Protein chains: 2
Amino acid sequence: MKRKVTLKQIAKELDVSVSTVSKALRNSKEISLDTRSKVQAFAKLYNYRPNNIALSLKNKRTKTIGVIIPEIVHHFFSKVISGIEKEANNRGYNVIIGLSNESFDKEVINIEMLANGSIDGFILSVAKETLLLQDYHHFYETINQGMPIVMFDRVVNEIACDKVVVDDKLGSKKAVAKLIESGCENIALITTKDYVNVGKLRTQGYLEALEEHKIEPKASLIIKAEENKDKEVEIETLEKEISALLEKEKAIDGIFAVNELYAITAMKIAINKGYKIPEDISIIAFTDGVLSKHAIPSLSTISQHAVEMGEKSATMLIDKLEELTDEEEYQTQVINTTLIERDTTR
Amino acid sequence: MKRKVTLKQIAKELDVSVSTVSKALRNSKEISLDTRSKVQAFAKLYNYRPNNIALSLKNKRTKTIGVIIPEIVHHFFSKVISGIEKEANNRGYNVIIGLSNESFDKEVINIEMLANGSIDGFILSVAKETLLLQDYHHFYETINQGMPIVMFDRVVNEIACDKVVVDDKLGSKKAVAKLIESGCENIALITTKDYVNVGKLRTQGYLEALEEHKIEPKASLIIKAEENKDKEVEIETLEKEISALLEKEKAIDGIFAVNELYAITAMKIAINKGYKIPEDISIIAFTDGVLSKHAIPSLSTISQHAVEMGEKSATMLIDKLEELTDEEEYQTQVINTTLIERDTTR
DNA sequence: TGGTCTTACTCAAACGTTTTCGTGTTGAAA
DNA sequence: TTTCAACACGAAAACGTTTGAGTAAGACCA
């Protein structure tokens, strides 16, 4: 087992100084051609690679970015990561991942763990618990230490940093408009409680679309699902609510759900009750993932372009790190949504 | 903006030496109680945290592990990562991610990028292209430099390192046995070409199960799908093959597919052709993911316990790093599979 | 008074780099 | 012969930390 070779070892072996070796390897004209080629040959032979840690310490930059997300077993987040990774790699950066599991404490710990020199900046999506507690001290501290943050999707408006978001309201509006234009008149909405920001915005989009088409919104057509750590329980509860809704509101001919799973759940129940999709009821979901694509029938969705979000986030962060953008100037990039028409719409 | 405070700054401020500060913070009895409390108070006030990079350089360990996987937008891999992350975090390690995108070159680049001091060891699942080329020099070099590797799922047998695998053969056998025992007599197999190791093993399990139940395997019931970078194309081609198969082999009453997507595809076609699931045809898929769980009807699957794989991999790697296990001794852990019966089996 | 012990510190090296500033040796121009 | 630039290299500092060795001052004992 041959351990990694260092400048010092090469220097000793070739009977020159460390500085000479370093300069020779960087092809400095300070060093004679003769020595240069000797050193380079030796380095190649022993497969010399500069030690990243030493470089990081010297340069005060790690060329690594930290990503903190609520969960990774999640189509949207893993797509965002793949976008981040792609852009980061292109620009010579590594990506280090921390999972908050939607927990405030884990988010804080992860940030503190990484903020002590391990990384140059953060890309993150805020945990639900943090949004609920509204305790953002860890973000402020990080930014105060001069470490840039880019927030994506779940952002905190009051924090001064770069942000990448999707236009949730407009996306929902597009979806509901599509339903209306294809003939739906009684459109149910399956959303989350209002404290989840994206749920709230998507609900607003729904309402605006109705308004623009002169349709009176009916509170009885709206289900606000209670989120639960235990997804099984959450979905079971929701199933009962949807079932009751379909029993009571026979006129429903369209459903807009704020995520795939809610949409699939609704579709399952509707099919069980004998409705034909999309003839009797059309369905659109926010968030495009594997579930929608491969459901039977396949779900029409609003795509959030997660990969693009990741790429944009990485671009913004790295631009800031490399001082290509003004340090004190923060932007919010809005990523477009796209309606993907599949088999649950007419 | 107050930058991170260092030992040197504290020392200067308090007019003592750097070593005194360092020792005071670690509560060394070498330092007077008086000085200790003064230093500690100051450090707390200025929120001093030791610089990880400097520590890494000094200690020659980064407390970070590198994970290289073929893709991240993939239920199985993201679950494994969540397992790795959980265990790693519990033991004070960070996780840095590299994606190979199934490409040999990207795998090599990622490994080289991380092997130069950024991490203490690797957990990885080999890219398909690497398996095809059978070029493993990058693994050998890494191991040779004294950096431990744990391979999971897609492993290379000839390389001496720790491994974590699922018993693909046994898992398939369980699935096919279940189909036979519930009355299926003509079971189709949808698998991949043999060069994909897991595809091959799962095919073997299918054959063994048939043999043990005295059923003559028929080559005409087996589809070996050609993998394609473009999943759309791959699935379209497969659809045609499955369609043709169902037309030709009317007796088929069971289908075993080596992954979710193949199973879902087969189910879609069967339903379209008017078969009732599971009454006319039972279906089981290898790999348990969201698709299976939320398909309509929900798919019976063989679960691979991905989170457990991740945890085990991390445990093995960290144990080796912390010299809790013999450096020269390598184990292969086999993770059990479980049959999850849902609505596509009787 | 001289010696030893304890206390409470400081020094310096080390981890692996890069880079600035010196410095000794040539060779050539004046 | 002197002067000076060019050349080729080395020494040392710096990044932030830890730690063994060294040291000054005072206390204690004989």
Side-chain angles (χ1 to χ4, degrees), chain A residues 2-40 42-43 46-64 114-120 145-147, chain B residues 2-40 42-43 46-64 114-120 145-147:
Chain A
K2 45 175 188 185
R3 277 237 119 81
K4 292 243 73 174
V5 61
T6 68
L7 287 188
K8 199 192 277 191
Q9 289 162 30
I10 299 184
K12 196 169 167 190
E13 211 67 32
L14 262 49
D15 210 40
V16 291
S17 76
V18 173
S19 11
T20 305
V21 178
S22 175
K23 287 171 187 165
L25 288 176
R26 336 194 89 237
N27 241 318
S28 155
K29 317 135 248 67
E30 255 187 279
I31 307 298
S32 69
L33 254 170
D34 205 47
T35 315
R36 262 189 267 172
S37 47
K38 218 181 302 175
V39 171
Q40 285 169 9
F42 194 92
Y46 281 87
N47 196 29
Y48 169 78
R49 295 273 179 280
N51 180 305
N52 273 332
I53 295 293
L55 286 180
S56 296
L57 182 59
K58 181 126 226 323
N59 301 333
K60 290 164 154 278
R61 58 206 307 250
T62 60
K63 287 236 161 193
T64 301
L114 295 179
N116 301 315
S118 303
I119 60 158
D120 297 339
Q145 278 170 17
M147 181 166 291
Chain B
K2 46 175 187 185
R3 277 238 119 80
K4 291 244 72 173
V5 61
T6 68
L7 287 187
K8 198 191 278 191
Q9 289 163 31
I10 299 183
K12 196 170 169 189
E13 210 69 31
L14 262 49
D15 210 40
V16 290
S17 76
V18 172
S19 9
T20 304
V21 177
S22 175
K23 285 172 184 164
L25 288 175
R26 334 195 92 235
N27 241 319
S28 155
K29 316 135 249 67
E30 255 185 280
I31 309 297
S32 70
L33 254 170
D34 204 47
T35 315
R36 261 189 268 173
S37 46
K38 218 180 304 175
V39 171
Q40 285 169 10
F42 194 92
Y46 282 86
N47 196 28
Y48 169 77
R49 294 273 180 280
N51 180 304
N52 274 333
I53 294 294
L55 286 180
S56 296
L57 183 58
K58 180 128 225 326
N59 301 331
K60 290 162 155 278
R61 58 206 307 250
T62 59
K63 286 235 162 196
T64 301
L114 295 179
N116 302 315
S118 303
I119 59 159
D120 297 339
Q145 278 171 16
M147 180 165 291

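Proteins come first, then strands; the chains are lettered A, B, ... in the order of their sequence lines, and each starts at number 1. Nothing here was measured: the structure is a model prediction, and the numbers come from that model.
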Undergrad: If you assign each of B:Asp15 and A:Ala54 to its closest nucleotide in DNA chain C, which residue comes earlier from the 5' end?
TA: B:Asp15
Undergrad: For B:Thr20, which contact category applies under a 4.0 Å heavy-atom criterion: base, sugar-phosphate, or nothing?
TA: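 Since a base atom lies under 4.0 Å of B:Thr20, the category is base.
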Undergrad: How long is the line joining CG of B:Leu55 and P of D:dT19, in whole Å?
TA: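 Rounded to the whole Å, the gap is 10 Å.
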Undergrad: Given the structure, check if the side chain of A:Lys23 and the base of C:dT20 hold any donor-acceptor pair shorter than 3.5 Å.
TA: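 In this structure, the two groups form a donor-acceptor pair.
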Undergrad: Where the side chain of B:Asn51 is concerned, which of D:dT17, C:dG16, D:dC9 is the nearest nucleotide?
TA: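 It is D:dT17.
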Undergrad: So, OP1 or OP2 of C:dC15: does either fall under 4.0 Å of a side-chain N or O from A:Thr6?
TA: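 Answer no for this pair, as no side-chain N or O of A:Thr6 is under 4.0 Å from OP1 or OP2.
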Undergrad: If only atom types and distance count, is the side chain of B:Asn59 paired as donor or acceptor with the main-chain N or O of B:Arg61 below 3.5 Å?
TA: no
Undergrad: Taking only N and O in the side chain of A:Lys60, is any of them less than 4.0 Å away from OP1 or OP2 of D:dG16?
TA: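 It does, given that an N or O in the side chain of A:Lys60 lies less than 4.0 Å from OP1 or OP2 of D:dG16.
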Undergrad: Report yes if some heavy atom in the side chain of B:Val16 is under 4.5 Å from a heavy atom in the side chain of B:Lys38; otherwise report no.
TA: no
Undergrad: The side chain of B:Ser17 is closest to which nucleotide in this list: C:dT10, D:dT18, D:dC15?
TA: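 For B:Ser17, the side-chain atoms sit closest to C:dT10.
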Undergrad: Looking at D:dC15, D:dC9, C:dT17, which one has an atom nearest to any side-chain atom of A:Leu57?
TA: D:dC15
Undergrad: May I have the distance from A:Lys63 (atom NZ) to C:dT17 (atom P), rounded to whole angstrom?
TA: 18 Å
Undergrad: Whole-Å distance between C:dC15 C1' and A:Gln9 CD?
TA: 12 Å
Undergrad: Heavy atoms, side chains only, cut-off 4.5 Å: are A:Ile10 and A:Tyr46 in contact?
TA: no
Undergrad: With distance as the sole test, does A:Ser56 use its side chain to make a donor-acceptor pair with the main-chain N or O of A:Asn52 at under 3.5 Å?
TA: yes
Undergrad: Report the residue (A:Lys58 or B:Arg36) whose heavy-atom-nearest nucleotide on DNA chain C is the more 5′ of the two.
TA: B:Arg36
Undergrad: At under 4.0 Å, does any side-chain N or O of B:Lys8 touch on OP1 or OP2 of D:dC15?
TA: yes
Undergrad: Of all the nucleotides listed (D:dA12, D:dA21, D:dT17), which has the minimum atom distance to the side chain of A:Ser19?
TA: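 For A:Ser19, the side-chain atoms sit closest to D:dA12.
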Undergrad: Heavy atoms, side chains only, cut-off 4.5 Å: are B:Ile119 and B:Met147 in contact?
TA: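 Yes, side chains in contact.
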Undergrad: Tell me what A:Arg49 touches on the nucleic acid: a base, only sugar-phosphate, or nothing, going by heavy atoms under 4.0 Å.
TA: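 Contact class for A:Arg49: sugar-phosphate only.
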Undergrad: If I take atom CG in residue A:Leu25 and atom P in nucleotide C:dG16, what distance separates them, rounded to the nearest angstrom?
TA: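 Checked: the CG to P distance equals 16 Å.
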Undergrad: Between B:Asn27 (CG) and C:dA8 (P), how many Å, whole number?
TA: 14 Å
Undergrad: Within the 4.0 Å heavy-atom criterion, would you say A:Thr35 contacts the bases, only the backbone, or no part of the nucleic acid?
TA: sugar-phosphate
Undergrad: Roughly how many Å is it from CD in B:Glu30 to C1' in D:dG22, rounded to a whole number?
TA: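 From B:Glu30 CD to D:dG22 C1': 11 Å.
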Undergrad: Would A:Val39 and A:Lys23 count as a side chain to side chain contact (heavy atoms under 4.5 Å, CB included) here? Give the steps.
TA: CA-CA 10 Å; A:Val39 171; A:Lys23 287 171 187 165; over 6 Å; no
Undergrad: Indicate, with a heavy-atom threshold strictly under 4.0 Å, whether B:Leu7 touches base, sugar-phosphate, or nothing.
TA: base
Undergrad: Could you check how far CD1 of B:Ile53 sits from P of C:dA14, rounded to whole Å?
TA: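 Spelled out: CD1 on B:Ile53 to P on C:dA14 is 22 Å.
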Undergrad: For C:dT19 and A:Arg26 - does any side-chain N or O of the residue sit under 4.0 Å from the phosphate oxygens OP1/OP2?
TA: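 Checking C:dT19 against A:Arg26, a side-chain N or O does come within under 4.0 Å of OP1 or OP2.
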Undergrad: Heavy atoms only, 4.0 Å cut-off, all strands: where does B:Ser28 land among base, sugar-phosphate and nothing?
TA: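 Here B:Ser28 touches no strand at all.
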Undergrad: What's the CG-P distance between A:Asn59 and D:dG16, to the nearest Å?
TA: 12 Å
